[in-house]
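Right, one structure below, let's go through it.
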2 protein chains.
Amino acid sequence: MPKLNCIFGVMQSILENIAKHVVLTSEEQALFLSKTETKQFKAKTILLSAGEIATCTYFVNSGILRSFNINDNIIEHVLHFACEGWWIGDMYSYISRKPGNLFIEVLEEAEVVIITKENHQKLYQEIPKLERFFRILAENSLVSHQERLMDNLSITAEERFEKFCSKYPTLIQRVPQKHIASFIGVTPEFFSKMKARLLKK
Amino acid sequence: MPKLNCIFGVMQSILENIAKHVVLTSEEQALFLSKTETKQFKAKTILLSAGEIATCTYFVNSGILRSFNINDNIIEHVLHFACEGWWIGDMYSYISRKPGNLFIEVLEEAEVVIITKENHQKLYQEIPKLERFFRILAENSLVSHQERLMDNLSITAEERFEKFCSKYPTLIQRVPQKHIASFIGVTPEFFSKMKARLLKK
DNA sequence: ATAATTTCTTAACCTAGGTTAAGTGCTCTA
DNA sequence: TAGAGCACTTAACCTAGGTTAAGAAATTAT
């Protein structure tokens with residue numbers, strides 16, 4: 001595996017991601033990178049478990065992660081997928097410093113940029129522009145959660161599935177369909193039934 | 001109606017709200033207030049309609065507003081309530097500058113602090129600390145939307161109602177129950193049935 | 001390759017919550 | 001103070017999606 005390429009890829013990618021919303025000088029870029037750590041994880045690795053306090057935020061350079069919770073009936077619910085160029089974490093636990101409800105798991109071997117809460121806060125002090133970046137990130141995420149919330153209330157599972165397909169076409173091939181079912185808000189059995197119904201058309 | 005008291009109340013309130021997360025000098029406070037406008041609205045006033053571009057964000061000093069959308073079947077879905085000390089708006093439309101899907105309506109006569117997008121952006125330039133404030137606001141809002149999303153997938157309408165009651169005890173007395181039904185994600189008829197069932201216990 | 005484990009499918013049956021409709025209050029407004 | 005809307009309730013009936021269970025297919029590990 002061409003490690004150097006990967007590392008290079010990562011670094012570009014997270015800086016590019018930031019550059020979408022704020023302009024950092026090259027010193028600031030270097031400072032930012034010095035406060036991050038990049039790691040490889042194999043599939044099935046659990047980066048965070050429910051009950052733990054989330055001390056890090058993750059940026060995915062390659063591979064796929066998911067966040068999910070497990071309710072009293074031992075049923076998993078996928079909150080989020082994150083593949084190349086996406087951020088993921090347990091925002092509740094991260095900002096409140098209380099034990100969270102989310103698990104974060106690697107679904108497909110991944111290279112992940114890790115920022116600890118400590119470093120994150122130092123970065124806010126040293127590069128105030130990052131407040132703006134993470135504000136915009138949170139606002140965009142909020143908008144997509146609002147949309148998903150309304151979709152769960154006002155459209156059918158079939159329509160949600162179609163939306164998912166057009167929004168995240170690559171994910172369908174890459175993650176087990178039971179997780180997509182969960183993200184959409186139906187059981188794997190119903191998802192399977194629904195898929196068969198759609199194929200007949 | 002003691003207009004001066006009201007105005008004074010508003011101003012305190014929004015500055016107090018900001019003071020929860022960032023410290024402004026009194027010059028900055030004055031600058032902030034100079035970029036806002038406070039207005040009274042009667043119940044049933046529509047501040048924003050679906051299809052329009054949201055050019056303002058609202059902070060509620062008194063009264064109650066709600067945001068909702070209307071789907072193809074002419075059914076309303078409440079996204080949000082906002083009473084004293086809450087912010088409300090159509091974040092999607094506001095940040096994308098595209099026509100939104102939300103209506104914002106006054107449910108109970110209200111005094112509202114209005115910030116236009118233009119002024120908001122000037123404020124970001126003149127008081128960069130506000131980036132931090134609105135970052136934190138967006139992050140908190142994100143967390144509560146994530147929780148609501150998971151609740152809609154993993155707990156029953158009855159449990160959601162109980163959560164609503166303990167989270168927003170004052171709203172139950174003040175808002176027509178059909179809107180609470182909608183917020184929770186059930187029809188008014190089912191809500192009524194559920195309430196009767198709960199009273200028997 | 002082969003066993004072991006996941007994942008996916010199918011099908012019969014079940015239920016939370018939706019729909020329709022009719023009736024009973026409210027509460028504004030005239 | 002009437003009466004025109006709203007807001008709420010009740011009840012019969014309906015359906016999207018859940019549950020259970022068992023087998024088939026695909027992965028993964030040995």
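Note that these values count all heavy atoms, side chains included, but never hydrogens, waters or copies made by symmetry. Protein chains get the first letters and strands the later ones, always in sequence-line order, with residue 1 at the start of each.
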Quickly, which of B:Val175, B:Ile88, B:Leu171 forms a side chain to side chain contact (heavy atoms under 4.5 Å, CB included) with B:Cys83? Name it, please.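 That would be B:Leu171; it is the only one of B:Val175, B:Ile88, B:Leu171 passing the side chain to side chain contact (heavy atoms under 4.5 Å, CB included) with B:Cys83.
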Hey, are A:Lys178 and A:Glu189 close enough for a salt bridge, meaning a charged N less than 4.0 Å from a carboxylate O?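 No, no charged N to carboxylate O under 4.0 Å.
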Please determine if B:Glu158 and B:Lys195 form a salt bridge, counting it only when a charged side-chain N lies under 4.0 Å from a carboxylate O.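 A salt bridge is absent here (no side-chain N lies under 4.0 Å from a carboxylate O).
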B:Asn17 side chain to B:Trp86 side chain, donor-acceptor N/O pair below 3.5 angstrom: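 The answer is no; no qualifying pair exists.
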Distance-only donor-acceptor check, side chains A:Glu159 and A:Thr156, under 3.5 Å: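 Yes.
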Flag this pair as yes if the NZ/CZ of [X] is under 6.0 angstrom from the six-membered ring centre of [Y] and inside a 45 degree cone about the axis; otherwise no.
X        : Y        : result
A:Lys117 : A:Tyr94  : yes
A:Arg148 : A:Phe183 : yes
A:Arg135 : B:Tyr124 : yes

Between protein and nucleic acid, restricted to nucleotides 22-29 of chain C and to nitrogen or oxygen atoms under 3.5 Å apart, what atom pairs and distances do you find?
none

Could you state the atom-to-atom distance from CZ of A:Arg197 to P of C:dT10 in whole Å?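 About 13 Å, once rounded to whole Å.
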Is any side-chain N or O of B:Thr187 closer than 4.0 Å to OP1 or OP2 of C:dG18?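 For B:Thr187, the contact criterion (side-chain N or O under 4.0 Å from OP1 or OP2 of C:dG18) is met.
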N/O to N/O distances under 3.5 Å, protein versus nucleotides 7-9 of chain C:
residue	atom	partner	partner atom	Å
C:dT7	OP1	A:Lys178	NZ	3.4
C:dT7	OP2	A:Lys178	NZ	2.3
C:dC8	OP1	A:Gln177	N	2.9
C:dC8	OP2	A:Gln177	N	3.4
C:dC8	OP2	A:Lys178	N	3.1
C:dT9	OP1	A:Lys195	NZ	3.1
C:dT9	OP2	A:Gln177	NE2	2.3
C:dT9	OP2	A:Ser192	OG	2.9
C:dT9	O5'	A:Ser192	OG	3.1

